Amino acid sequence: MAEIFDRLVIRILLAAFVCLMIYLYRYAHVIFYPSVKRQVLKRINPAENPADTLHLFARLVGISIIFSSITFNETSGFFLSLFHFAVWGTIAIILYLLSLYIIESIVFYNFDYTDEILKSRNMSYAIISFCHAIVIAYLTRTVMMEAENSLIILLVLWLYMLVIVGFSVKYYTLISKLSFNRLLIQKNLSLCFSYAGFSLGAGIIISSCFDQEHYDITVYCIQVLLKTILSLIIFPLFKKGLVRIFPIKLGDERSHGGQIDTDMQSVGYGFYEGCLFISGAILTTMIVNRIQFGTIYPFF
């Protein structure tokens, strides 16, 4: 009974410690978004600006996802385990915030957080940022688990992951018929739902490429690169196949200068593209990772 009570106390203390780290993260948020300093220091009113609420709490969900990858092994001693948990938790938060800052600087290079969230209350911007927060958190969690408590390997895999994600976000303009910058300025919800499916699908593919056995870091990185290239080959095949299987009808009415068809700016089309992207990504991971060839030719 005493042992059970001790374990309960340790779990409660660890939960309190995690809450303390999340509290510190709330103020670390100001480093990357200085314009929210006044909002962080006061009570949050979700009804005042839903876009800002979604943008802020998406990071909270991301932090929770990352903490799920950190283990607490009490057999090495309570204080030593707590120190290990705190160090790796802090490293994870720093890498997560840096990743988000870099990726959103690439995607939103023509946009400003203050203008789009605080002034315009652009919900499309907030939903896209929410997807970034979830995907980057999941990928950071994957990288941390693959690093196996090695700081050097973690930094190498984290940089490698950032490069792949940076190239993948540029891939959206090649496979989507929607104009990213134009529709984001217009606060169009079709864009955010389409991009949400793309970003979540890309996260699933990239995470599956990193999820494999590794004994040598060089060979591991080559295998990740080969799987990523193979995914780039397979994914368009599924996308074209799904479009053929589920064809849609778009109106002939087009805006001046041959711009985007007005039907494509509807929420329904955004759902259609988003579902195509995420379905194609899931099927791609099946082809890339779930086919075992074994030994085709016998050895003599």
Side-chain angles (χ1 to χ4, degrees), residues 103-104 106-108 124-125 127-136 138-139 142 160-184 186 188-212 223-255 258-293:
I103 296 303
E104 294 207 332
I106 296 173
V107 177
F108 298 134
S124 180
Y125 182 104
I127 293 175
I128 293 175
S129 181
F130 174 86
C131 294
H132 286 158
I134 301 302
V135 170
I136 294 300
Y138 188 69
L139 291 178
T142 301
Y160 199 41
M161 179 267 292
L162 274 185
V163 172
I164 295 177
V165 174
F167 279 108
S168 69
V169 295
K170 292 296 184 181
Y171 190 57
Y172 176 76
T173 57
L174 300 177
I175 62 175
S176 175
K177 296 182 179 180
L178 300 178
S179 175
F180 187 88
N181 291 338
R182 173 194 294 269
L183 295 181
L184 190 57
Q186 297 174 358
N188 189 280
L189 292 179
S190 173
L191 172 69
C192 67
F193 291 127
S194 171
Y195 189 88
F198 167 79
S199 60
L200 294 176
I204 292 173
I205 291 176
I206 296 172
S207 176
S208 68
C209 293
F210 277 90
D211 185 15
Q212 56 182 305
Q223 290 296 326
V224 171
L225 180 61
L226 291 177
K227 282 193 173 184
T228 304
I229 295 174
L230 181 58
S231 299
L232 288 175
I233 296 173
I234 299 297
F235 177 78
L237 300 180
F238 276 118
K239 181 179 179 297
K240 289 184 180 294
L242 292 174
V243 170
R244 294 282 186 179
I245 296 171
F246 298 99
I248 62 172
K249 179 180 179 181
L250 296 174
D252 297 328
E253 179 185 356
R254 293 183 177 274
S255 56
Q259 301 295 336
I260 298 175
D261 192 343
T262 53
D263 285 354
M264 292 183 183
Q265 301 183 26
S266 65
V267 175
Y269 184 80
F271 282 131
Y272 171 75
E273 268 202 354
C275 291
L276 285 182
F277 292 150
I278 196 168
S279 299
I282 294 173
L283 294 173
T284 298
T285 59
M286 177 196 69
I287 296 298
V288 174
N289 299 289
R290 300 302 178 187
I291 297 180
Q292 305 294 332
F293 290 102

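Everything quoted here is computed from the prediction, not taken from an experiment.
Screening residues 224-245 for side chain to side chain donor-acceptor pair (under 3.5 Å), with sequence neighbours left out, gives K227-N289.
Considering only residues two or more places apart in sequence or on other chains, S168 meets the side-chain hydrogen bond (donor to acceptor under 3.5 Å, both in side chains) condition with none of them. By the side-chain contact (heavy atoms from CB on, under 4.5 Å) test, Q186 is found to be paired with R182, L183, Q265, residues two or more places apart in sequence or in another chain being considered. In this view, Y172 and Y195, F198 satisfy the ring-ring contact (aromatic ring centres under 6.0 Å, His included) rule, not counting sequence neighbours. Among residues two or more places apart in sequence or in another chain, the ring-ring contact (aromatic ring centres under 6.0 Å, His included) test is passed with F108 by Y125, H132.
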>> Checking V135 against I204 for the side chain to side chain contact (heavy atoms under 4.5 Å, CB included) test, could you report, in this order, the C-alpha distance in whole Å, the side-chain angles of both residues, the deciding distance, and whether it holds?
In response: CA-CA 8 Å; V135 170; I204 292 173; over 6 Å; no

> Is there a side chain to side chain contact (heavy atoms under 4.5 Å, CB included) between N188 and S124 once you walk through the steps?
Replying inline: CA-CA 6 Å; N188 189 280; S124 180; 5.6 Å; no

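In this structure, L276 and F246 have side chains that are not in contact, with every pair of non-hydrogen atoms separated by 4.5 Å or more.
In this structure, the separation between CG on L200 and CD1 on I134 is 8.5 Å, given to the nearest 0.5 Å. Rounding to the nearest 0.5 angstrom, the gap separating the CD1 atom in I233 from the CD1 atom in I229 is 7.5 Å. Here the CG-CZ distance, from L242 to F238, works out to 8.0 Å after rounding to the nearest 0.5 Å. One distance of note links CD1 of I205 with CZ of F277; it measures 11.0 Å at 0.5 Å rounding. Interatomic distance, F210 CZ to I206 CD1, rounded to the nearest 0.5 Å: 7.5 Å.
Within 6.0 Å of CZ in F167 there are 12 or fewer heavy atoms belonging to other residues, nucleotides or ligands.
Put simply, the side chain of T173 gets close to the backbone of K170: a donor and an acceptor are under 3.5 Å apart.
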Would you mind writing out the side-chain donor-acceptor pairs for residues 279-288 within the sub-3.5 Å range, not counting sequence neighbours?
residue : atom : partner : partner atom : Å
S279    : OG   : C275    : O            : 2.7
T284    : OG1  : G280    : O            : 2.6
T285    : OG1  : I282    : O            : 2.5

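Of the options S199, C192, S194, a side chain to side chain contact (heavy atoms under 4.5 Å, CB included) to I128 is made by C192 and by none of the others.
Of all the heavy atoms in L191 and L184, the pair that sits closest is CD2-N, 3.5 Å. Minimum heavy-atom separation, S190 to L178: OG-CD1, 3.7 Å.
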